[in-house]
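Let me begin by presenting the structure, written as structure tokens, before commenting on it.
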Amino acid sequence: MRVEIWSDIACPWCYIGKARFEKGLAAFAHRDDVEVVHRSFELDPNSPKGDRAPVLDMLAKKYGRTLDEARAMEAHVASNAHSEGLGYLTDGRDHGNTFDIHRLLHLAKAHDRQSELLDLAYRANFAEERSVFDAETLVALGVEAGLDETEVRAVLADPSAYAEAVREDEREAAELGANGVPFFVLDRRYGISGGQPAEVFTQALEQAWQGRVLQPVGEDAAVCGPDGACEVPQA
């Protein structure tokens with residue numbers, strides 16, 4: 001069975017949702033027969049490359065909140081991350097265009113190192129003081145994931161490298177009706193939106209294994225939308 005996961009490195013609920021999915025997968029009896037493929041989805045594809053802004057400033061502007069209110073929003077997301085055993089910095093992070101990261105993730109996929117790079121990029125972005133919008137940071141992450149440094153640098157230097165692969169992922173997401181991430185598709189029959197609890201993923205895997213048709217699963221869960229906005233459930 002194949003599970004495809006559309007996500008963006010800038011999306012905190014993708015970071016949290018990946019951890020929850022993996023817990024749900026671990027509880028699935030046929031987990032060894034599941035192939036997981038990560039696909040690209042840019043929350044803010046129109047963000048100029050090279051432009052970076054503090055996350056708190058971005059949240060305050062987007063939601064019309066004060067910096068203290070934006071900080072409280074981040075604290076709530078952090079509590080969800082911490083409950084999954086994930087690190088999460090509520091201050092000091094930046095926000096920018098993620099297209100180069102997605103291109104590198106496709107390079108990593110070609111070398112069977114995609115999940116490793118994704119985990120490193122999530123951790124760098126959300127839990128460490130390392131900007132994933134810096135080219136040298138991306139090179140270092142690629143090498144840490146097991147990729148060749150020369151090849152990583154070549155991809156970053158060539159804007160066309162894996163660009164079509166990213167766009168194809170995004171077209172498929174639109175065709176499947178995904179208007180936010182994380183978005184999970186099981187064997188192209190079963191769709192799950194948002195960072196659902198682990199047990200919902202286990203249930204979905206069991207139902208997809210039985211060959212049921214594509215249908216929504218679980219209650220509404222937090223997602224990040226195509227305008228870059230990320231829902232923050234109320235406590």
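Note that the structure is predicted; figures quoted are calculated from it, not measured.
- Partners of Glu175 by salt bridge (charged side-chain N to carboxylate O under 4.0 Å, His left out), not counting sequence neighbours: none found.
- Partners of Tyr162 by ring-ring contact (aromatic ring centres under 6.0 Å, His included), not counting sequence neighbours: none found.
- Listed by chain and residue number, Phe28, Trp209 satisfy the ring-ring contact (aromatic ring centres under 6.0 Å, His included) test with His30 (two or more places apart in sequence, or in another chain).
- Taking all atoms of both residues into account, the shortest heavy-atom contact from Gly17 to Phe184 is O-CZ, 4.0 Å.
- For the 3.5 Å distance criterion, the side chains of Asp8 and His102 qualify, holding a donor opposite an acceptor.
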When the side chains of residues 112-119 are checked against the rest of the protein, which donor-acceptor pairs come out under 3.5 Å, sequence neighbours left out?
residue : atom : partner : partner atom : Å
Arg113  : NE   : Ala145  : O            : 2.8
Arg113  : NH2  : Ala145  : O            : 3.3
Gln114  : OE1  : His38   : N            : 3.2
Gln114  : NE2  : His38   : O            : 2.9
Asp119  : OD1  : Lys18   : NZ           : 2.6
Asp119  : OD2  : Lys18   : NZ           : 3.4

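- In terms of heavy-atom proximity, Leu120 sits nearest to Leu141 at CD1-O, 3.7 Å.
- For Thr150, the side chain to side chain contact (heavy atoms under 4.5 Å, CB included) partners at least two apart in sequence or on another chain are Asp148.
- By the salt bridge (charged side-chain N to carboxylate O under 4.0 Å, His left out) test, Asp158 pairs with no residue at all, sequence neighbours left out.
- Scanning for salt bridge (charged side-chain N to carboxylate O under 4.0 Å, His left out) contacts around Arg130 gives Glu128, Glu144, with sequence neighbours left out.
- For Lys61, there are no salt bridge (charged side-chain N to carboxylate O under 4.0 Å, His left out) partners, not counting sequence neighbours.
- Looking only at atom types and distance, the side chain of Ser131 has no donor-acceptor partner in the side chain of Asp134 under 3.5 Å away.
- Under a 4.5 Å side-chain heavy-atom criterion applied to ILVMFWY residues, the cluster that includes Phe99 comprises Val166 as well.
- Partners of Phe183 by ring-ring contact (aromatic ring centres under 6.0 Å, His included), not counting sequence neighbours: none found.
- Among residue pairs with one or both ends in residues 75-87, those qualifying as salt bridge (charged side-chain N to carboxylate O under 4.0 Å, His left out) are Arg20-Glu84, Lys23-Glu84; sequence neighbours excluded.
- Residue pairs satisfying the salt bridge (charged side-chain N to carboxylate O under 4.0 Å, His left out) criterion with at least one member in residues 194-210, sequence neighbours excluded, are absent.
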